Enquirer: 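First the structure, then my questions, so here it is.
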Amino acid sequence: MNFIEEVKWRGMLHNIMPGTEEILKEKNVAAYVGIDPTADSLHIGHLVSVMLLKHFQRAGHRPVAVIGGATGMIGDPSGKSEERNLLTLDTIKHNQEAIKKQLEKFLDFSEDKENKALLLNNYDWMSKFSFLDFIRDVGKHITVNYMIAKDSVKKRMNASGDKDAEGLSFTEFSYQLVQGYDFLHLYKEHNCKLQMGGSDQWGNITTGTELIRRMLQGKAYALTSPLITKSDGKKFGKTEKGNIWLDPEKTSPYEFYQFWINTGDDDAEKYLKIFTILNKDEIENLVKEHKEAPHTRILQKKLAEEITVMVHGKTAYDTAVTASQILFGKGTKEQLETLDEKTFNDVFEGVPHFTVKKEIIEKGINIFDLTAEITPVFKSKGEVRRLIKDKGLSINMEKFLNPDEPINKKHLINDKYIVIRQGKKKYSIIITE
RNA sequence: GGGGGGAUUCCGGAGCGGUCAAACGGGGCAGACUGUAAAUCUGUUGGCACAGCCUUCGGAGGUUCGAAUCCUCCUCCCCCCA
């Protein structure tokens, strides 16, 4: 299966220039995607482009990721209704380093590999350009007429009749030209004949192919992926807390795993095709199995496993699974007791912690004083009382039903913690010291 | 400037002298169901020493055995007329 067939059945193909498939039959053809260094981590919205590169490499071609050090200083007007904040050079440098480490999880950069991946920063070639040189050597070849015909520009022009249009600065207007020049540069230096990206990038990419045609009489190609949608119409890749990042500091492996596990049935197959490298047969089998027993949620589990292992590694994945089992009520007191301190902390990361003097527990204390007086686990003792009455309070995974039962030493997990659960999934931890 | 209406527990909104910690709806919390979903159903939703007591109905006083409910003043909101 060649690259195009691969992305096609995976539903990753939105638009493609005629002739693209043929050019890939040539040797040593490279393709690139651009990545904006707006943060010091990729988020899962970037993943489609990254997966395009991964498939590209697996098909034997050379993938190139271009960090937009220069373009990031300008801001792509595509899809934005307002002028963007500019990033400083230092920020971009920092972000680039972090992103590079993440890309290494998807792409093979090793020197001995014939089609090793490349990571470039367009700042390296753009920064040498003087303004005059650029507008003379590059700008000369593209007309403003051509540039303003692009949707991304049109949407921002007041003349479009859109009342919300805020206009765009010359800086942002120039964006497509700068990105187009990137393509030209890569075409010349790295035999890069294809640029890929999200469907919103089509306009920018074609400016590049146009530039290559006019300046070098060369032929370059474009391929875009559809924007990822969710069947419920909500935006993909966001939770109440915001973006899902690849950086474990920003989104813990547990949250990351949970994000994928929570995929709806309607989306799971689609995501499995896009975000994993499982082949057609494997996915079809999973879909079949899932249909026979929907409640076991095979698709979601596999999806979460594949991606979490790829991004965070097997160990982090195992911890996330354990954490999920414990946090979603299937855990037991015994399971809690077997956790080592590190895993315990991982599992209960992000859960409110309260510290209490150990003597207090050793002496024994009633549940009301412990959770509503000396710690603010609950708002009031009445709330605790109600919760017990409603069978909604658990201590160390065991239902706490008798309000008169004192909390003491025997409730300490590993001689240190008490795990308090309200309802099904709201946790608090009391730590003794 | 004149006239009228209103301010209630997280929100909306009843209550108009005792039976009011205050109807009802929403939201929240919990339980059942379930796939860590949606829907549904049930309970609960001021505090505490919880079959009892304490503090709440814009604020301050007053009438009364007793006030969210009546009176006075104050603050803020809305409507109508000029």
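Chain letters run A, B, ... following the sequence lines, proteins first and then strands; every chain starts at 1. On a predicted model such as this, the values are computed, not experimentally measured, just so you know.
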Enquirer: Rounded to the nearest 0.5 Å, what's the gap from CD1 on A:I277 to CD1 on A:I307? Could you check?
Expert: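 It comes to 11.5 Å.
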
Enquirer: So what's B:C10 paired with, Watson-Crick or G-U wobble, going by both distances under 3.5 Å?
Expert: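 Across all strands, the one nucleotide that pairs with B:C10 is B:G26.
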
Enquirer: Using whole Å, report how far CZ of A:F400 lies from C1' of B:G31.
Expert: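 After rounding, the reported distance stands at 18 Å.
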
Enquirer: Picking from B:U36, B:G35, B:A30, which would you name as closest to the side chain of A:N262?
Expert: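 My answer, after comparing the listed nucleotides, is B:U36.
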
Enquirer: Output the rounded distance in Å from CG (A:L401) to P (B:G31).
Expert: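 Nearest whole value for this atom pair: 11 Å.
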
Enquirer: Can you tell me how far P in B:G1 sits from the matching atom in B:G17, rounded to whole Å?
Expert: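 Per the computed distance, 35 Å lies between those P atoms.
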
Enquirer: For A:S380 and for A:R385, locate the closest nucleotide of RNA chain B by heavy-atom distance; then report the residue assigned to the nucleotide nearer the 5' terminus.
Expert: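 Closer to the 5' end of RNA chain B: A:S380.
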
Enquirer: If pairing requires Watson-Crick or G-U wobble contacts with both distances under 3.5 Å, which nucleotide is the partner of B:G35?
Expert: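 Paired with B:G35, as far as the under-3.5 Å criterion goes, is no nucleotide at all.
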
Enquirer: Output the single nucleotide from B:C33, B:G35, B:C29 whose closest atom is nearest the side chain of A:H295.
Expert: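 Among the listed nucleotides, the one closest to the side chain of A:H295 is B:G35.
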
Enquirer: Could you tell me whether A:K105 atom NZ has more than 12 heavy atoms of other residues or ligands within 6.0 Å of it?
Expert: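 Enclosed.
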
Enquirer: Regarding A:K150 and A:T206, do their side chains bring together a donor and an acceptor under 3.5 Å, going by distance alone?
Expert: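 A pair is found: one side chain offers a donor N or O, the other an acceptor, under 3.5 Å apart.
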
Enquirer: Anything under 3.5 Å between a protein N or O and an N or O of nucleotides 52-55 of chain B, put it in a table, one pair a line.
Expert:
none

Enquirer: Looking only at side-chain atoms of A:S324, point me to the closest of B:G35, B:U36, B:G31.
Expert: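 Closest nucleotide to the A:S324 side chain: B:U36.
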
Enquirer: I need the CD1-P distance between A:I261 and B:A37, as an integer number of Å.
Expert: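 Distance check: A:I261 CD1 to B:A37 P gives 12 Å.
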
Enquirer: Backbone N or O of A:G198 within a donor-acceptor pair of the A:T224 side chain at under 3.5 Å?
Expert: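 Side chain of A:T224 to backbone of A:G198, a donor-acceptor pair under 3.5 Å: no, none is there.
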
Enquirer: Is atom NZ of A:K333 surrounded by more than 12 heavy atoms (other residues, nucleotides or ligands) closer than 6.0 Å?
Expert: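 Yes, enclosed.
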
Enquirer: To the nearest angstrom, how far is A:L387 atom CG from B:A30 atom P?
Expert: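 From A:L387 CG to B:A30 P: 7 Å.
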
Enquirer: Output the rounded distance in Å from NZ (A:K425) to C1' (B:U36).
Expert: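 It works out to 5 Å between those atoms.
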
Enquirer: Taking a pair as Watson-Crick or G-U wobble with both distances under 3.5 Å, which nucleotide is matched to B:G1?
Expert: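 For B:G1, the partner nucleotide comes out as B:C81, under the 3.5 Å rule.
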
Enquirer: Evaluate the salt bridge (Lys or Arg N to Asp or Glu O under 4.0 Å) criterion for residues A:K93 and A:E97: first the C-alpha distance (whole Å), next the side-chain angles of each, then the deciding distance (0.1 Å), finally the verdict.
Expert: CA-CA 7 Å; A:K93 269 265 176 279; A:E97 287 306 309; over 6 Å; no

Enquirer: Would you mind classifying the nucleic acid contact of A:Q422 as base, sugar-phosphate or nothing, using non-hydrogen atoms under 4.0 angstrom?
Expert: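 Sugar-phosphate contact only.
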
Enquirer: Give one of base, sugar-phosphate or nothing for A:G382, where a contact means two heavy atoms less than 4.0 Å apart.
Expert: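 Base contact.
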
Enquirer: Does B:A49 have OP1 or OP2 under 4.0 Å away from a side-chain N or O of A:K381?
Expert: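 Yes.
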
Enquirer: Using purine N1 to pyrimidine N3 plus N6-O4 or O6-N4 for Watson-Crick, or N1-O2 and O6-N3 for G-U wobble, both under 3.5 Å, which nucleotide pairs with B:A49?
Expert: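 Matched B:A49 with nothing under the 3.5 Å cut-off.
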
Enquirer: Is atom CD of A:E114 surrounded by more than 12 heavy atoms (other residues, nucleotides or ligands) closer than 6.0 Å?
Expert: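 Atom CD in A:E114 is not packed in, count stays at 12 or less.
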
Enquirer: Could you give the distance separating B:A21 and B:C57 at their C1' atoms, to the nearest angstrom?
Expert: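 The same atom, C1', in both gives a distance of 10 Å.
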
Enquirer: In whole angstroms, how far is the P atom of B:C48 from the NZ atom of A:K379?
Expert: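 From A:K379 NZ to B:C48 P: 10 Å.
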
Enquirer: With a 3.5 Å limit on both atom pairs, tell me what B:G61 is paired to, counting Watson-Crick and G-U wobble, or say none.
Expert: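 B:G61 is paired, partner B:C71.
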
Enquirer: For A:E373 and B:A49, give me the distance from atom CD to atom C1', rounded to whole Å.
Expert: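 After rounding, the gap between these two atoms is 12 Å.
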
Enquirer: For B:G47, does OP1 or OP2 lie under 4.0 Å from any side-chain N or O of A:R386?
Expert: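 True: A:R386 side-chain N/O within range (under 4.0 Å) of B:G47 OP1/OP2.
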
Enquirer: Report all interatomic pairs (protein N or O, nucleotide N or O of nucleotides 38-43 of chain B) with separations under 3.5 Å.
Expert:
| unit_1 | atom_1 | unit_2 | atom_2 | d |
| --- | --- | --- | --- | --- |
| B:G43 | N2 | A:D390 | OD2 | 3.3 |

Enquirer: Would you say the side-chain atoms of A:Q195 and A:Q201 include a donor-acceptor pair closer than 3.5 Å?
Expert: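 Note: A:Q195 and A:Q201 side chains miss the donor-acceptor criterion.
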
Enquirer: Hey, is NZ on A:K270 packed in by over 12 heavy atoms from elsewhere, all under 6.0 Å?
Expert: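 Yes - once you tally the heavy atoms of other residues, nucleotides and ligands closer than 6.0 Å, there are more than 12.
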
Enquirer: When the distance from NZ of A:K426 to C1' of B:C29 is rounded to whole Å, what number comes out?
Expert: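 Answer to the nearest Å: 7 Å.
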
Enquirer: Counting only heavy atoms not in A:K101, do more than 12 fall under 6.0 Å of its NZ?
Expert: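 Count not over threshold, so no.
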
Enquirer: Are a donor atom and an acceptor atom from the side chains of A:E341 and A:Y417 found within less than 3.5 Å of each other?
Expert: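 Distance-only check passes for A:E341 and A:Y417.
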
